Every structure is written in structure tokens, then in C-alpha cells.
Amino acid sequence: MSAINNQQLLSSIINNLERRLLTTRSSNENARTTPGPDRYSHQDDYKTLLSKLKVLDSKSWPSNKSIGYGEPEFEKLCARFRLNVTKTKNSYWDYLENSFVVPKELIPLMNYSSLIPCSSSECECGFSHMNIIVTPTRTRLSTSNVSSLKFIKLNGFNIRKWKPEPCVRTWL
């Protein structure tokens, strides 16, 4: 096995998280400080996405919607989440007419919009649990075993509330 360059691994994880997560801070390393259209800001991306997502929230719609209300924002959301615009556009119009029923073709876009992480806390929690699992005395654990233990730690039952009797009965 070859050794992993820890600094390179951490840099890669940070870069991937910054590309995928929406943060409201500007990265000093990647942001240009020059004003104008060349300046890149995570906060601008976040605010733009939130304003586009408002077209999916019936509570934020104006009382007198125009015929093409939210169509450009809807198309940009479909492009961002790689959905077929022509296939879902009719569903969006149906949803504008009757916001109580979400059409079947619009459900993927609604799901994507509700799954956008608001922070990296879950990822950080996972790394903390991994550091608890992999200790100097447990360095020979395989990747799959660490992954399984971390999954149980993050998604498993609270051990104080778990009742073993039903499980034991099924084993017997």
C-alpha cells in the first residue's frame, strides 16, 4: 500500500466541499478581491439560488401571478439539476394553477431543492466520528469496517433506548 499525502487529501476534500456546498462566506484563497463582474462570491451564488427556488414555494408567489411567472428561474433550476426542461415545464404550469398537488414530473426538482445542504456540519460530524473510531490502537481496521462502524454511529439506534429482546428472539 502506498502512503496517502494527508495535506493533498485534505485540500482535495476542502475543494470538493466548496464546489458542492453553498456557503455564505467568500473564500480568501479562491475569491478575487477586484470589484466588478470578474469577482467570484459564494454568497452571490447562494442568494441567486435561493431567489430561483422561490418559484417552487407557493407561499412566496404573488397573489396575481402573470402567465409566465417564474419561467426563467424554473428553466435555470432545471439546468442546474440536469433535468429535462421541456418534460417538466408543463408540470410546473399545472403546479402554478393548483399548488396543492405536486405533479409527478415536478417531484424530482422539488426533492433536489429540499436536499440542498445548508452547511457542512454533517460532513464534519462524520469526520469527528471517524476520528473516534480510528484510534492509534485501532489502525488496522479496513475501510469497509470503518465505514460500517461510522454508519452505525451516525444512523443507528440510541443504545440506551434499544431493547435487545426482540432481536434475540428472532435469532433463536
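Keep in mind that this is a model prediction, so the values were computed, not measured.
Phe127 and Ile132 are not part of a single hydrophobic cluster, where members link through side-chain heavy atoms under 4.5 Å apart. Both Ile107 and Phe81 belong to a single network of hydrophobic side chains, linked directly or stepwise wherever heavy atoms of I, L, V, M, F, W or Y lie under 4.5 Å apart. Linking Ile, Leu, Val, Met, Phe, Trp and Tyr whenever their side-chain heavy atoms come within less than 4.5 Å leaves Leu77 and Val85 in two separate clusters.
Other residues, nucleotides and ligands contribute at most 12 non-hydrogen atoms within 6.0 Å of the NZ atom of Lys54. Remark: Tyr112 OH is loosely packed, at most 12 non-hydrogen atoms of other residues, nucleotides or ligands lying under 6.0 Å away. Within 6.0 Å of NZ on Lys52 lie more than 12 heavy atoms contributed by other residues, nucleotides or ligands.
Among residues two or more places apart in sequence or in another chain, the ring-ring contact (aromatic ring centres under 6.0 Å, His included) test is passed with Phe151 by none. By the side chain to side chain donor-acceptor pair (under 3.5 Å) test, Thr86 pairs with Asn84, sequence neighbours left out. With sequence neighbours excluded, no residue forms a side-chain contact (heavy atoms from CB on, under 4.5 Å) with Asn131.
To the nearest 0.5 Å, the span separating CG on Leu49 from NZ on Lys76 amounts to 12.0 Å. From Cys78, atom SG reaches atom CG of Leu106 across 8.0 Å, with rounding to the nearest 0.5 Å. Here CD of Glu105 is found 8.5 Å from CG of Asn90. Values are rounded to the nearest 0.5 Å. Taking CG of Leu83 as the reference point, atom NZ of Lys89 lies at 13.5 Å (rounded to 0.5 Å). Rounded to the nearest 0.5 Å, atoms NZ (Lys104) and CG (Asp94) are 13.5 Å apart. Taking CG of Leu141 as the reference point, atom NZ of Lys150 lies at 13.5 Å (rounded to 0.5 Å).
The shortest heavy-atom contact between Pro72 and Gly68 is CD-O, 4.4 Å. Across all non-hydrogen atoms, the minimal contact from Val134 to Val146 is CG2-CG2, 3.7 Å. The minimum heavy-atom distance linking Ser91 with Pro103 is given by the pair O-CG, 3.3 Å. Heavy atoms only, all atoms of each residue included: Trp162 and Cys167 are closest at CZ2-SG, 3.7 Å.
Listed for the Ser147 side chain is no donor-acceptor partner under 3.5 Å among the backbone atoms of Thr143. With Tyr92 contributing its side chain and Glu75 its backbone, the two residues share no donor-acceptor pair below 3.5 Å. A donor-acceptor distance shorter than 3.5 angstrom exists from the side chain of Ser142 to the backbone of Asn145, with no hydrogens or angles considered.
For the pair Leu56 and Leu109, the minimum side-chain heavy-atom distance is below 4.5 Å. Leu149 places a side-chain heavy atom less than 4.5 Å from the side chain of Arg138.
You'll find the ring centres of Trp61 and Tyr95 inside the 6.0 Å limit.
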